[in-house]
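Along the sequence shown, residues carry numbers from 1.
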Amino acid sequence: MISLTLIMTGLLGQAAAAETSHTEATPPAASTPVSTPVTPPATRKPTAKPKPTKTKTDPRTESTAIPKHPRGKTGPAGSLLTTGTKNVALTFDDGPDPANTPTLLKMLAREHVKATFCVVGDNAKHHPDLIRKIVAGGHTLCNHTWNHDLKLGKKKAKQIRADMQRTNDAIRAAVPNAKIKYFRAPGGNFTPGVVKIAKELGMTSIYWKVDPRDWEHGREESDGSHTNRVISSVKRNARPGAIILSHDYAQPDTIKAYRTLLPWLKKRFHLVALP
């Protein structure tokens, strides 16, 4: 009985082993690939272009378009800023001065340089001999108002015209038929009204491109330092076409500065009186 049981157990074990072997040997049926739905990417809205940010331009590098004048670029209210050529013009204001103007005229003659003198009418009246010397030296005359009125442009047209005419009359009392082709407003305070009336009187308004501020002499600045500052400023800023502003009236340090500046400028530029 025990033997029969063992035999039967053995037979059942073999059958199970055979079945297992068959199952492992048979490759599994190929599974049908399942297509996984692909979710389309979310539609992106177009990004708005950022608005340009306004930034301050460094005034030292900013290119500013200046309307052209027939003879050069323009200054305040259409006044001349440059000569309109490569020539450089020296201009001297507020005279004539009995102490400084004669010395300056001798220096200019020695260097064979012509300049433009913007004279004050009251000074012209009191020093007609100097007006005659300026003209005799071949220099150009410029009307600089009767008494250096910084607020002339704010006055009525009738007053502006009277001031300019009075100054011209004082100049022509010294030199009849003198050509007065230019006008400079004191302090450069040009207004459209001033420029218009000057033009009606036959004068072109002139500003400047180089201002060494020779009239500004602080108490802490020695005469020598003042002279050197004027020299340095003109040398640093002079360019072809520049109108250079300086003063012969009550500015002895300026006269000293031009002892150095005249030969220096002559070597580098063609110096002219405004025609």
task: Can you sort out the partners of K106 under salt bridge (charged side-chain N to carboxylate O under 4.0 Å, His left out), two or more places apart, ordered by chain and number?
output: none
- prompt: Please walk me through it: do T140 and K181 pass side-chain contact (heavy atoms from CB on, under 4.5 Å)?
  reply: CA-CA 8 Å; T140 298; K181 299 174 64 176; 5.6 Å; no
With a 4.5 Å cut-off on side-chain heavy atoms, are [Y] and [X] touching?
X    : Y    : result
R172 : I180 : yes
L90  : T116 : no
N189 : L152 : no
P76  : Y207 : yes
L262 : M107 : yes
R166 : W146 : yes
L81  : T74  : no
F117 : L104 : yes

So, does [X] use its side chain to make a donor-acceptor pair with the main chain of [Y] at under 3.5 Å?
X    : Y    : answer
T227 : A257 : no
H144 : H148 : no
Y249 : T101 : no
D214 : H247 : yes
Q159 : K156 : yes
N143 : F183 : no
H139 : I134 : no

query: In chain order, what residues pass the side chain to side chain donor-acceptor pair (under 3.5 Å) check against S205, with sequence neighbours excluded?
result: none
- request: Check each of N168, D169, T167 against Q165 using the side-chain hydrogen bond (donor to acceptor under 3.5 Å, both in side chains) test, and report the only one that passes.
  value: D169
Kindly compute the distance separating [atom1] ([X]) from [atom2] ([Y]), expressed to the nearest 0.5 Å.
X    : Y    : atom1 : atom2 : answer
I206 : L80  : CD1   : CG    : 7.5 Å
F190 : R184 : CZ    : CZ    : 7.0 Å
I243 : L274 : CD1   : CG    : 5.5 Å
K196 : L201 : NZ    : CG    : 10.5 Å
H226 : D223 : NE2   : CG    : 8.5 Å
T103 : L108 : OG1   : CG    : 11.0 Å

Using the rule that two of Ile, Leu, Val, Met, Phe, Trp, Tyr join whenever any of their side-chain heavy atoms come within less than 4.5 Å, decide whether [X] and [Y] are in one cluster.
X    : Y    : value
V272 : L245 : no
V195 : L150 : no
L130 : Y182 : no

- prompt: With a cut-off of 6.0 Å (strictly less than), are more than 12 heavy atoms of other residues, nucleotides or ligands near CZ of F269?
  reply: yes
So which heavy atom on [X] is nearest to which on [Y], and how close?
X    : Y    : value
P252 : N100 : CA-OD1, 3.6 Å
E111 : K266 : O-NZ, 2.8 Å
G153 : V194 : CA-CG2, 3.4 Å
V88  : P240 : CG2-CA, 4.2 Å
D93  : D248 : O-OD1, 2.9 Å
N237 : V210 : O-CG2, 3.6 Å

Residues V230, D253; criterion side-chain contact (heavy atoms from CB on, under 4.5 Å); working and verdict: CA-CA 9 Å; V230 172; D253 294 336; over 6 Å; no
- request: Verify the ring-centre separation between F92 and Y258: is it less than 6.0 angstrom?
  value: yes
task: Mind running side-chain contact (heavy atoms from CB on, under 4.5 Å) on I244 and T91 for me, showing each step along the way?
output: CA-CA 6 Å; I244 300 176; T91 63; 5.7 Å; no
message: Please tell me whether S233 and R229 have a donor and an acceptor in their side chains that are separated by less than 3.5 angstrom.
response: no
task: Please determine, by modelled atom types, if D122 and N147 share a side-chain donor-acceptor pair under 3.5 angstrom.
output: no
message: Show, in sequence, the C-alpha distance, side-chain angles and deciding distance for I197 and M164, and conclude whether the side-chain contact (heavy atoms from CB on, under 4.5 Å) test is met.
response: CA-CA 9 Å; I197 294 171; M164 292 183 185; 4.0 Å; yes
field: Salt-bridge criterion met for D163 and K155 (N-O under 4.0 Å)
entry: no
